[in-house]
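Reading through the structure tokens given below for one structure.
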Protein chains: 2
Amino acid sequence: MTDQSAPTTAAGGEPATARGEQTRQLILETAMRMFRERGYARTTMRAIAQEAGVAVGNAYYYFGSKEHLIQEFYLRTQREHAAAARPVLDRESDFAARLSGVLHAAIDVLAPSHEFAASFFKVAAEPTSPLSPFSAETAAPREAAVALFAEVLAGSTAKVDPELRPQLPELLWLAYMGTVLYWVYDRSPGQARTRKLIDGAVPLIDRLVGLSRLRVLRPATRQVVDLIRTLRH
Amino acid sequence: MTDQSAPTTAAGGEPATARGEQTRQLILETAMRMFRERGYARTTMRAIAQEAGVAVGNAYYYFGSKEHLIQEFYLRTQREHAAAARPVLDRESDFAARLSGVLHAAIDVLAPSHEFAASFFKVAAEPTSPLSPFSAETAAPREAAVALFAEVLAGSTAKVDPELRPQLPELLWLAYMGTVLYWVYDRSPGQARTRKLIDGAVPLIDRLVGLSRLRVLRPATRQVVDLIRTLRH
DNA sequence: GGCAGAAGTTGAACGCGTTCAAGATGGCCG
DNA sequence: CGGCCATCTTGAACGCGTTCAACTTCTGCC
């Protein structure tokens, strides 16, 4: 009874006609605007539908759930982030400057959605949710983000332990996730604390990465690399 | 209109009579059992009330929301964890052994609730939620947990950089939070990966803590300490 | 043009967490 | 004993996310 390879029309899939695409976009824009204005929890599906001038069920034709509307936010943010990071990556060659630029760019992009992102985060945090940053469904944006950090490293003049180097992009992505986590919880005005976290953590990461080749630290470096390998299967 | 210092009777507060206490316990036991049996999402408040033989509203008299029932789970787990860690703390004096023992004890205690803990985690993750591990309402169990890691350090023979030492318990607690985070997402049978994470990370932490006094690492150590101080205000 | 079927659309209905006005209980004091 | 009041209990009702059978619109084909 379960549709295993069903050629289902939509609900997560893309619309097949121009009309569908238009409706989908309309609902999406309306939802995003309302999320930003009133927050996620206080924006009801009924309100979104009414504002967009469609029936409630129609929204569910294009988006499997209210949470799936957030998925779209996730994708957009990722694209915006990559774009915002571009100038820095084209200009700088110093590892710390590149990393700092990319992290600050992320917060720049996220800034207008801080309040809304909090509720969004709750949803993403559930491991069983398809929106989890570690889930299969979010693989595309996640890999794009990891690629961004691979570029941070590749375009830099940093000298890195050769064993650590291939693992570093994912570690940097993890640090990025940590930064976002901190940002979500950051209640300071303008999320100034997060800026301080970045400014403090980047030189530290920079130094540790540089030290990773040191004789005394090689065992520790190797330990880190082995641990990552073990956990990845 | 808002009750700012209201001497409200309950809904988060303690019952005032023996009868109340009894009802509260009954609801709590029923809820915990059902959460473990069916999971959080599929256990409805109506079902809890019916099983406990009370009205729905009665449950809300003692617990502000379905989420508040989880708060209780949080408290119990913390108590169990402290108890489970006791033997190790009384026996071992080696830092790595103590840390490993305390972390494994935590997973031991959490193990039976893995599925349920996932949904619980979703709730705890929301920054605005009173159940967030960083919120004021959870200060008591959090401080108890930090105290546990202070004891891990205090009772050990580890030599630590004197500047780092006072910050270390909270850092260890953070590592513990990270471990729990990993555990929540861990889908491997019996959460074996989390065990590997602990077994891999503990020697690493042990080594880094030991190295923190080294000449070459002092600047990095100081950087870490400064960063923590900055972020704490 | 007509028609089959895919694509898109509708809104009433379901079960959920939560609220609250109303009622029941029980201990304390005159 | 009688009445008062804090405490406790009730369950109908509300708004929410979500579902789905029925309906309409559009496209390709003869």
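Letters go in sequence order (proteins before strands), and every chain restarts at 1.
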- Message: Rounded to whole Å, please give me the gap between OH in A/Tyr62 and C1' in D/dG17.
- Response: 20 Å
- Task: Please determine, by modelled atom types, if B/His114 and B/Asp186 share a side-chain donor-acceptor pair under 3.5 angstrom.
- Result: no
- For the pair made of CD in B/Glu21 and P in C/dT25, what is the distance, rounded to whole Å? 21 Å
- Whole-Å gap separating P (D/dG17) and CD1 (A/Ile48): 8 Å
- Look at A/Thr44 and D/dG15 and indicate whether a side-chain polar atom (N or O) is within less than 4.0 Å of OP1 or OP2. no
- Cationic tip of A/Lys66 above A/Phe35 ring, under 6.0 Å, 45° of axis: no
- Interatomic distance where CE belongs to B/Met45 and C1' belongs to D/dT10 [whole Å]: 15 Å
- Item | Protein-nucleotide distance (A/Gln50, atom CD; C/dT10, atom C1'), rounded to Å | 15 Å
- Pairwise distance OG1(A/Thr43) to CE(A/Met45) - rounded to 0.5 angstrom: 10.5 Å
- Contact class for B/Val54 (heavy atom, under 4.0 Å): base, sugar-phosphate, or nothing? sugar-phosphate
- Distance below 4.0 Å between B/Ser65 side-chain N/O and C/dG17 OP1 or OP2: no
- Message: For a quick check, tell me whether the side chain of A/Arg46 and the base of D/dG17 share a donor-acceptor pair closer than 3.5 Å.
- Response: yes
- Query: At under 4.0 Å, does any side-chain N or O of B/Tyr60 touch on OP1 or OP2 of C/dT18?
  - Reply: yes
- Message: For a quick test of reading the model: is some side-chain N or O of A/Thr23 closer than 4.0 Å to OP1 or OP2 of C/dT9?
- Response: yes
- Task: Tell me which nucleotide among D/dC8, D/dT18, C/dG8 gets nearest to the side chain of A/Thr17.
- Result: C/dG8
- How long is the line joining CZ of A/Arg24 and P of C/dT9, in whole Å? 13 Å
- Looking at D/dT18, D/dC8, C/dG17, which one has an atom nearest to any side-chain atom of B/Ala16? D/dC8
- Message: Quick check: on DNA chain C, is the nucleotide nearest B/Thr43 upstream (toward 5') of the one nearest A/Ala18, or the reverse? Name the residue that is more 5'.
- Response: A/Ala18
- Query: Given C/dA7, C/dC16, D/dG11, which nucleotide is nearest the side-chain atoms of B/Ala55?
  - Reply: D/dG11
- Out of D/dC8, C/dT9, C/dA7, minimum distance to the side chain of A/Asn58 belongs to C/dT9
- Message: Any carboxylate oxygen within less than 4.0 angstrom of a Lys/Arg side-chain nitrogen, looking at B/Arg229 and B/Glu170?
- Response: no
- Query: Quick one: do the B/Arg232 and B/Gln167 side chains pair a donor with an acceptor below 3.5 Å?
  - Reply: yes
- In whole Å, what is the span from the OH atom of B/Tyr61 to the C1' atom of C/dA22? 15 Å
- Item | Close aromatic pair by centroid cut-off 6.0 Å: A/Tyr176 and A/His81 | yes
- Query: Nearest to the side chain of B/Arg19 - D/dT18, C/dT25, C/dG8?
  - Reply: C/dT25
- Query: B/Arg42 has an atom CZ; how far is it from atom P of C/dG17, in whole Å?
  - Reply: 13 Å
- Item | Sugar-phosphate, base or nothing in reach of A/Gly20, heavy atoms under 4.0 Å | sugar-phosphate
